[in-house]
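FYI, the numbering just counts along the sequence from 1.
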Amino acid sequence: MAQAEAEARRAANRLRRALEKAHREIDALEGALARAEGDDFPGHSYEEARGRLDQVVEFVDEESRRLQHKILVAGGLEPGRVRRASARDG
């Protein structure tokens, strides 16, 4: 099961990066078209598209949290009691 969990984490990370890139590409497209179209540019459509992307980001983040919880529980750790090492600890 560790292999499947690792693959799921990698897939979630790839999807998260792809969504971040999609946000940048929407910004670039909006910038180019807004200058070209002026007042005719449908800015609200771009805001709606960003909102839909944000919903997918929230989904991916929730799935990542759910997977992390399962991994911690399977490893015998209590999810709320685990802390990451800070820069000063390492």
Side-chain angles (χ1 to χ4, degrees):
M1 183 115 160
Q3 180 65 27
E5 291 162 345
E7 189 174 324
R9 289 178 68 160
R10 284 190 299 270
N13 288 333
R14 281 192 310 269
L15 181 54
R16 183 78 156 90
R17 287 190 302 272
L19 291 166
E20 290 168 358
K21 182 176 181 184
H23 267 286
R24 291 190 302 271
E25 296 298 335
I26 284 177
D27 291 345
L29 180 61
E30 179 182 31
L33 289 177
R35 283 190 296 276
E37 295 181 7
D39 292 338
D40 292 334
F41 180 73
H44 66 281
S45 295
Y46 284 77
E47 289 304 315
E48 289 175 4
R50 279 190 198 88
R52 289 190 293 272
L53 278 176
D54 289 341
Q55 288 177 334
V56 178
V57 168
E58 289 173 21
F59 169 77
V60 171
D61 289 347
E62 180 58 33
E63 285 299 290
S64 294
R65 284 189 294 274
R66 189 175 69 81
L67 177 61
Q68 180 180 21
H69 182 268
K70 284 182 116 177
I71 291 169
L72 291 174
V73 169
L77 299 172
E78 189 176 328
R81 298 185 51 112
V82 175
R83 72 177 181 89
R84 293 185 178 190
S86 66
R88 67 173 184 240
D89 291 341

Side chain to side chain contact (heavy atoms under 4.5 Å, CB included) between Y46 and D27, worked out: CA-CA 8 Å; Y46 284 77; D27 291 345; over 6 Å; no
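Grouping the Ile, Leu, Val, Met, Phe, Trp and Tyr side chains by contacts below 4.5 angstrom, directly or via other members, places L15 apart from I71.
The two residues E5 and L67 have their closest heavy-atom pair at O-CD2, 3.8 Å. Smallest separation of non-hydrogen atoms from R50 and H23: O-CE1, 3.9 Å. Among all heavy-atom pairs drawn from A49 and I26, the shortest one is CB-CD1, 4.1 Å.
H69 contributes atom NE2, which lies 14.5 Å from atom OG of S64 (distance to the nearest 0.5 angstrom). From D54, atom CG reaches atom CD of E47 across 9.5 Å, with rounding to the nearest 0.5 Å. Between atom CD of residue E30 and atom CZ of residue F41 there is a gap of 4.5 Å, rounded to the nearest 0.5 Å. Rounding to the nearest 0.5 Å gives a distance of 10.5 Å between CZ of R24 and CG of L19. To the nearest 0.5 Å, atoms CD (E20) and CD (E25) are separated by 13.0 Å.
The environment of E62 atom CD is dense: over 12 non-hydrogen atoms of other residues, nucleotides or ligands sit within 6.0 angstrom.
Note on R66 versus E63: salt bridge recorded, some NZ/NE/NH1/NH2 to OD/OE distance being below 4.0 Å.
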